[in-house]
Amino acid sequence: MNVLARLRSAFAAATPEGADPVAFASAVRASTDPKFGDYQANGCMAAAKAAKINPRELAAKVAELVDLAPLADRPEVAGPGFLNVKLHDEFVSESLSTLLNDDRLGLTPPVHPKTVVIDLSSPNVAKPMHVGHVRSTVIGESLARIFSALGHTVIRDNHLGDWGSQFGMILWGWKHERDEAAYEANPVAELARLYRSVQAHIRAAGSLIEKHGKVLALETQDKKADAEALFNNTYDGTGLSLADVHRVVGKGREVAEEARQETARLHAGDLENRALWERFMPNCLAALQTVYDRLGVKFDVQLGESFYDSMLADVVKDLENKGLAVPSEGATVVFIEGSKAPFLVRKSDGAYNYATTDLATIKYRVDRWNPDLVLYVVDHRQGDHFKALFDVARRWGYDKIDLEHVAFGTILGQDRRPYKTRDGDVIGLESLLDEAVSEALKVVTENSPELDAAEQARVAEIVGLGAIKYADLSQNRLSDYVFDWKKMMAMNGNTGAYLQYAYARIRSIFRKGETTPEAIRAARPAILLSNPLERALGVQVLRFPETLELAASELKPNILTDYLFDLANKYSSFYDGCPVLKAESPERRDSRLALCDLTARTLRFGLNLLGIEVVERM
Ligand code: ARG
């Protein structure tokens, strides 16, 4: 049961004349301070202001009118016109009793179940996955789990970048610089090396063009002497001669152009490139799969960009027929109102691109699943692309589905720059996961010397991966965050390890008390809430369904992490203030054990929705 939703509909029914019931209801929130009750209705101030009447008087009227039974009594007017709602103890206690034997912890099927497609992870294959891919994968997976837990139908789609310009680079690298033996030994590492080498050629040229742009411009104007003089006066720290600069720039330009042609040949169906693509792909996919297995992520479909290739020409034709796509400077574009940059759907060389593919993907997803909602869990830097894409899609006729860019910020190093290794490489995802596990092993061996080595290793894997996931999910996804091993492994604070530890501690109480959660559930003890710490914990447990609804509607897993952290803290205060096994009576003991069990199950369920496992001992 969603307590907040029930209170909101009660307040909606008591909306003052002239005010909007939706706005009035949505101003009902959980209180941040127990002084103000469990919930607050804050809509009277705005309604009174609009009607030019006294807000306290209006609040008193609403309090008179609103029917909160059986959840709560009449709300209390406070401050300038707040209404404080305190849930009835009997209601809390009875609801908790029901939850004791409810595997779903109060979640009920939605009135309007939705079909949600989640576009997540979606790395460019043939490039090693890096730390940035953690965010799309972990946030996307968590949203998928939250939506399914709420009873919606979820389709996870890994929209792999398996057809883009990086393949042209690898094809070029393969044809000019390959090491067959290295490929046999470790295909993905060799492809990554080739990719990096091609990038290095292009980048070296780029940086010299940047440094010596004026010199090169003078040369094209045939002002050789001026160019040379300027070059000799520019100290660029590289010690290269002008001839060297020409060589590097020439090479970079040549590689870039040839790699572009390799991509074009692949798309045009060139047999050699096609065969190489088919040879590389299974290895690339296998390497990705090891990471996904480790992260516990399963996709319903993995339809990469290549899958849509045959549909692209029709997409552009259709856009042209509808008068949306028009020729512009040899290319084909859709103009976007209020934006200078048009949406390019066919380049001047005839090639279709990322944007065309995303349009074809929308059509395909609608034809196949008819979703209500499509989430694109992608880096915030692609914000402009998605804004334009959604605009074009709406005008193309896809105006009934809700398309959302679930954007996220960058992971930073201690220096507040994008997270890199000491030698400047972007950190590979796998080595990052390994490091997390070995950091966790240190914590586990220190805290739990009694566990045998195999169990310590198993716990470390769960705690290490949990730490990385939790650190990511507990951020407001839009902000950049600093990657900090020490903070994310801490046993105290808003971390995965803290919550896993809270869970394990609760489980140990049952072992110590020589009873089991099953026995307590079967006994159905009355839940006694006379101690405020018991009550605060119980109310927090009841708030699980409304928290998930909120996390889903805002597309923010950190709403769930905040809730779980709060739950663990309330549990900790309860545990310090209320003896469980040494409670003053058997009734109290069983009631408190029931609260322990509900807390443990909520922690486990909640962590599972973040993709994080729990352990019985740590
Ligand atoms: N492959 C892209 C990249 O790595 C992300 C794809 C996101 N999904 C989409 N439908 N555009 O930047």
Side-chain angles (χ1 to χ4, degrees), residues 116-141 143-144 154-170 191-192 195-196 199 263 267 277 280-281 284-285 287-288 291-292 297 299-309 311-312 315 343-345 352-369 371 373-394 396 398 401-411 418 426-429 477 555:
V116 186
V117 172
I118 304 187
D119 184 314
L120 75 161
S121 197
S122 310
N124 294 334
V125 302
K127 285 203 244 185
M129 272 176 118
H130 62 79
V131 56
H133 291 115
V134 126
R135 299 214 74 184
S136 173
T137 312
V138 165
I139 295 170
E141 175 66 18
L143 290 173
V154 172
I155 295 121
R156 295 167 175 80
D157 184 0
N158 190 9
H159 186 79
L160 295 164
D162 59 358
W163 203 235
S165 53
Q166 87 278 11
F167 255 103
M169 295 186 195
I170 285 165
L191 294 181
Y195 174 77
R196 276 198 293 267
Q199 287 257 305
T263 311
H267 292 179
W277 184 84
F280 298 154
M281 274 303 283
C284 299
L285 293 179
L288 291 176
V291 174
Y292 294 137
V297 179
F299 300 101
D300 299 290
V301 284
Q302 298 210 63
L303 300 175
E305 293 173 7
S306 64
F307 177 77
Y308 299 96
D309 185 57
M311 309 172 201
L312 304 181
V315 167
F343 199 57
L344 185 66
V345 293
Y352 303 108
N353 59 3
Y354 187 58
T356 332
T357 306
D358 261 334
L359 285 168
T361 307
I362 291 175
K363 176 173 172 12
Y364 178 85
R365 286 174 176 162
V366 170
D367 291 347
R368 179 160 171 193
W369 297 294
L373 173 65
V374 182
L375 304 179
Y376 295 83
V377 189
V378 187
D379 196 312
H380 71 104
R381 282 169 297 188
Q382 293 193 32
D384 288 343
H385 165 74
F386 285 111
K387 236 169 111 194
L389 173 71
F390 299 165
D391 180 81
V392 174
R394 257 189 303 277
W396 191 23
Y398 297 98
I401 24 169
D402 189 1
L403 304 169
E404 297 282 346
H405 177 200
V406 182
F408 52 80
T410 309
I411 303 184
V426 181
I427 297 196
L429 191 46
R477 62 178 159 75
L555 305 170

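Nothing fancy with the numbering, it's 1 onward along the sequence. When a ligand or atom number is given, it counts from 1 through the structure's own listing order. Bear in mind the structure is a predicted one, so any value in this text is a computation, not a measurement.
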Taking Trp277 for the side chain and Trp163 for the main chain, is one N or O donor matched with an acceptor at less than 3.5 Å?
no
Can an N or O of His385 be found at a distance shorter than 3.5 Å from an N or O of ligand 1?
no
I'd like to know if Gln382 contacts ligand 1, where contact means a heavy-atom distance under 4.0 Å to any ligand atom.
yes
Would you check the N or O atoms of His133, main chain and side chain alike, for any that come under 3.5 Å of an N or O of ligand 1?
no
Under 4.0 Å from any heavy atom of His159, which atoms of ligand 1 are there?
8 (N), 9 (C), 10 (N)
With a 4.5 Å limit on heavy-atom distance, are the side chains of Asn158 and Val297 in contact?
no
May I ask you to list the atoms of ligand 1 that are less than 4.0 angstrom from any heavy atom of Asp358?
9 (C), 10 (N), 11 (N)
Without swapping roles, check the side chain of Arg477 against the backbone of Leu555 for a donor-acceptor pair under 3.5 Å.
yes
May I ask you to list the atoms of ligand 1 that are less than 4.0 angstrom from any heavy atom of Asp119?
7 (C), 8 (N), 9 (C), 10 (N)
Starting from atom 2 (C) of ligand 1, find the nearest protein heavy-atom neighbour and note its residue, name and distance.
Ser122 O, 3.5 Å
Numbering the atoms of ligand 1 from 1, which are under 4.0 Å from a heavy atom of Tyr354?
2 (C), 5 (C), 6 (C), 7 (C), 9 (C), 11 (N)
Polar contact flag for Tyr376 and ligand 1 (N/O pairs, less than 3.5 Å)
no
Taking a cutoff of less than 4.0 Å between a non-hydrogen atom of the residue and any ligand atom, is Thr361 in contact with ligand 1?
no
Using heavy atoms and a threshold below 4.0 Å, how should the contact between Phe386 and ligand 1 be classified: side chain, backbone, both, or neither?
side chain
Quick check: Phe390 with Tyr376 (ring centres under 6.0 Å apart)?
yes
If we number the atoms of ligand 1 from 1 as shown, the ones under 4.0 Å from a heavy atom of Asn124 are 1 (N), 2 (C), 3 (C), 4 (O)
Just distances here: any N/O of Arg365 and N/O of ligand 1 closer than 3.5 Å?
no
